[in-house]
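Report on one structure; see the data block that follows.
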Protein chains: 2
Amino acid sequence: MLQKQRQDKILECLAGGDYLSVDEAVKLFKSSPATIRRDFMELAESGQVQKVRGGVGSKRASSTLPFADRAEFCSVEKEKIAKSAVSMIKTGDIVFIDGGTTTFNMASYLPDINIRIITNSLRLASALEEKKSDAGWEIYLTGGFLYTKSGILLGPNAQSSLAQYHANLAFLSVSGIDENGIYNNSELVVDMERVMINNSDRTVIMADHSKIGKHGLVKVCGLDRISVLITDSSRESKDYLLKIRNGITELAQV
Amino acid sequence: MLQKQRQDKILECLAGGDYLSVDEAVKLFKSSPATIRRDFMELAESGQVQKVRGGVGSKRASSTLPFADRAEFCSVEKEKIAKSAVSMIKTGDIVFIDGGTTTFNMASYLPDINIRIITNSLRLASALEEKKSDAGWEIYLTGGFLYTKSGILLGPNAQSSLAQYHANLAFLSVSGIDENGIYNNSELVVDMERVMINNSDRTVIMADHSKIGKHGLVKVCGLDRISVLITDSSRESKDYLLKIRNGITELAQV
DNA sequence: TCAATAGTAATCATAAATAATCATAATAAA
DNA sequence: TTTATTATGATTATTTATGATTACTATTGA
């Protein structure tokens with residue numbers, strides 16, 4: 001049996017949202033544990049299954065994420081932060097959601113209420129499209145050049161497209177935040193985020209503890225433009241949070 | 001056995017959506033491994049199969065289209081038409097691809113050469129993003145409101161976003177074509193298609209035989225604006241095709 | 001806490017598949 | 001016919017996948 005064929009069958013076994021052990025797979029495909037492990041590893045690396053001791057499990061809810069480095073998208077902290085962020089959204093809201101990994105997790109928890117979502121993330125839009133809310137989320141995508149590496153739309157067309165909208169809330173990912181402001185690593189991303197900040201009533205920054213006290217290539221804006229910071233608690237970031245606390249309106253720790 | 005004959009048989013074997021190993025093919029066609037490999041390579045280069053170690057797989061074998069109603073997208077006719085359409089694309093081209101089901105199939109066959117693709121189809125963009133061409137397709141998405149039912153971007157923002165671009169080739173799906181012109185069922189879709197036609201050097205209509213002689217809610221344009229019609233042959237549509245034939249520059253029947 | 005067990009990762013030799021090269025056979029063009 | 005072109009199959013070196021062995025690590029239960 002071909003390697004690829006075997007891997008397809010593994011995925012098939014897991015399609016029902018189940019679990020497949022190394023031993024079972026060895027019997028099923030008549031190969032050695034080493035080979036099965038290698039298959040499992042590859043499938044896990046490409047994000048198609050999740051590795052557990054003794055075998056692999058289906059990715060279940062997040063199984064439709066189309067990108068490789070899925071692990072990065074699914075950390076417990078980021079999910080908590082995302083959950084807290086969506087709880088701020090009320091019926092009738094118009095929200096900007098930018099293209100970061102933290103904000104992407106919001107897709108899983110968005111309540112099925114009437115809201116309008118404006119985003120430059122192809123992946124977020126795809127995820128929301130597949131969920132097909134009953135209440136009918138209205139989804140608006142910005143145009144522009146598609147960065148296939150990160151699945152987000154950037155560039156002048158994306159910016160001018162985004163500038164057409166105004167929102168109640170903007171949810172942003174950052175690469176760092178300190179007492180002077182928020183940072184990100186790409187100029188094009190920063191340009192988009194600035195438009196979101198300027199065109200929304202309130203700006204919510206979603207940053208896990210690893211971002212606290214860190215910087216980035218470009219400063220997006222000062223803390224005075226930030227309404228809410230949602231982060232998770234950790235011992236190391238505690239001191240830094242105190243410094244930031246005074247610059248912003250509200251701090252949510254999850 | 002002729003080379004062409006053999007390659008057709010290979011494709012037949014894969015029609016069911018499975019894999020074919022080099023060894024199996026060697027026995028089946030009584031040729032040498034070298035020849036079979038060359039066949040596999042050619043078929044893979046033209047995008048008709050996917051190469052895996054030890055053999056080839058059908059394009060459908062592992063490619064997971066992100067939406068439910070896959071069947072509709074995969075009819076043999078539409079695939080043939082799509083294949084013929086992509087063969088028109090050359091290195092350096094800038095192409096519009098609209099959001100229909102026929103045009104969507106082009107994603108599977110797009111050659112890995114340097115081209116720029118402008119589309120209002122979220123699903124096409126997602127599919128291309130996942131394929132991650134080596135040569136680096138540049139993908140541009142129009143902005144606008146996302147119709148989750150069909151996964152396409154429409155509305156005034158989509159239009160103005162699209163109007164920024166100019167292409168060599170525009171590939172359009174239609175709901176019908178007759179001797180007077182082409183038709184579609186949604187005003188918003190027609191608006192987008194008109195922009196594509198106006199902003200491209202050549203317009204290619206992709207319509208399977210069920211569309212020939214049919215109409216739709218809105219007329220998009222007359223046949224004089226159409227450069228090429230790609231369709232599949234069928235007894236019923238033959239007479240109608242003769243009428244249409246004179247209105248357009250070129251007719252490709254697959 | 002400790003071993004006992006089960007699962008894993010790392011290494012390596014082997015086997016298999018592939019790409020590259022070449023000579024030959026089949027085909028098409030002059 | 002002769003020549004040029006293309007397809008084929010054999011050979012080779014190279015790359016890649018595999019399974020056995022071993023050492024390592026996590027989990028379990030006393």
Side-chain angles (χ1 to χ4, degrees), chain A residues 1-14 16-60 68-72 74-77, chain B residues 1-14 16-63 83 87 111-113 131-135:
Chain A
M1 180 180 277
L2 305 178
Q3 183 185 33
K4 195 78 206 283
Q5 230 171 343
R6 212 177 40 231
Q7 295 187 0
D8 275 2
K9 293 253 181 231
I10 292 171
L11 290 176
E12 245 176 67
C13 290
L14 294 173
D18 208 26
Y19 167 88
L20 181 66
S21 74
V22 175
D23 289 346
E24 282 171 332
V26 165
K27 278 182 213 150
L28 208 53
F29 307 123
K30 298 179 205 343
S31 8
S32 71
T35 302
I36 296 298
R37 267 176 232 289
R38 274 185 277 248
D39 283 341
F40 283 4
M41 204 191 309
E42 278 173 39
L43 290 170
E45 258 166 36
S46 70
Q48 303 186 74
V49 302
Q50 67 178 140
K51 244 169 59 164
V52 294
R53 197 177 169 77
V56 285
S58 94
K59 270 262 160 168
R60 302 173 60 72
D69 43 351
R70 194 172 308 176
E72 200 202 329
C74 292
S75 81
V76 182
E77 291 82 19
Chain B
M1 182 182 279
L2 298 174
Q3 184 182 31
K4 184 83 177 53
Q5 245 175 329
R6 212 175 40 232
Q7 295 190 359
D8 281 353
K9 291 252 179 229
I10 292 171
L11 290 175
E12 252 176 60
C13 289
L14 294 173
D18 208 29
Y19 290 95
L20 180 66
S21 74
V22 175
D23 288 347
E24 283 169 334
V26 165
K27 278 182 212 150
L28 210 52
F29 308 123
K30 298 179 204 344
S31 352
S32 72
T35 303
I36 296 298
R37 285 214 173 78
R38 275 185 276 248
D39 283 341
F40 283 3
M41 204 191 310
E42 279 171 36
L43 290 170
E45 262 166 32
S46 67
Q48 304 186 73
V49 302
Q50 63 171 151
K51 238 168 68 163
V52 297
R53 196 178 172 78
V56 286
S58 107
K59 275 273 164 170
R60 247 166 320 318
S62 65
S63 81
K83 223 178 290 180
S87 73
D112 195 0
I113 55 178
K131 283 190 74 180
K132 297 218 191 283
S133 107
D134 299 318

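Letters A, B, ... mirror the listed sequences (proteins, then strands); counts begin at 1.
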Step-by-step side chain to side chain contact (heavy atoms under 4.5 Å, CB included) determination, A/Lys4 to B/Arg53: CA-CA 7 Å; A/Lys4 195 78 206 283; B/Arg53 196 178 172 78; over 6 Å; no

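- Out of D/dA17, D/dG9, C/dT11, the shortest distance to the side chain of B/Ser32 is found at D/dG9.
- With B/Ser58 as reference, B/Leu14 is the one residue of B/Leu14, B/Leu20, B/Leu11 to meet the side chain to side chain contact (heavy atoms under 4.5 Å, CB included) rule.
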Pick out the pairs of N or O atoms, protein on one side and nucleotides 14-20 of chain C on the other, that lie under 3.5 Å.
| unit_1 | atom_1 | unit_2 | atom_2 | d |
| --- | --- | --- | --- | --- |
| C/dA17 | O4' | B/Arg53 | NH2 | 3.2 |
| C/dA17 | O3' | B/Gly54 | N | 3.2 |
| C/dT18 | OP1 | B/Gly54 | N | 2.5 |
| C/dT18 | OP2 | B/Arg37 | NE | 2.9 |
| C/dT18 | OP2 | B/Arg37 | NH2 | 2.8 |
| C/dT18 | O5' | B/Arg37 | NE | 3.4 |
| C/dA19 | OP1 | B/Lys51 | NZ | 3.4 |

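- Regarding contacts with the backbone of D/dG9, a side-chain N or O of B/Thr35 is found under 4.0 angstrom from either OP1 or OP2.
- Side chains of A/Gln3 and B/Val52 form no contact here, defined as non-hydrogen atoms less than 4.5 Å apart.
- Salt-bridge formation is not detected for the pair A/Lys27/A/Asp23: no Lys NZ or Arg NE/NH1/NH2 atom is positioned less than 4.0 Å from an Asp or Glu carboxylate oxygen.
- Under the 4.5 Å side-chain criterion, counting only non-hydrogen atoms from C-beta, A/Phe29 is in contact with A/Ile36.
- Taking the side chain as every heavy atom from C-beta outward, B/Thr35 and B/Arg6 approach each other to under 4.5 Å.
- Distance A/Gln5 CD to D/dT18 P: 12 Å, rounded to the nearest Å.
- In this entry the distance linking CZ of B/Arg38 with P of C/dA25 reads 16 Å, nearest Å.
- Note: NZ (B/Lys30) to P (D/dG9) measures 13 Å, nearest angstrom.
- Each end of the helix from C/dT1-D/dA30 to C/dA30-D/dT1 gets its own rotation axis from five pairs of C1' atoms, and the angle between them is 40° to the nearest 10 degrees.
- Following rounding to the nearest Å, A/Gln3 (CD) and D/dA17 (C1') show an atom-to-atom distance of 7 Å.
- For the pair B/Arg6 and D/dT8, the criterion of a side-chain N or O lying under 4.0 Å from OP1 or OP2 is met.
- For the pair A/Lys4 NZ and D/dT18 C1', the computed distance is 19 Å after rounding to whole Å.
- Scanning both residues, A/Val22 and A/Arg37, for their nearest heavy atoms gives CG2-NH1, 3.8 Å.
- Note: CZ (B/Phe29) to P (D/dG9) measures 13 Å, nearest angstrom.
- Contact check for B/Tyr19 versus B/Gln50: side-chain heavy atoms found under the 4.5 Å cut-off.
- A heavy-atom distance below 4.5 Å is found between the side chains of B/Ile10 and B/Asp39.
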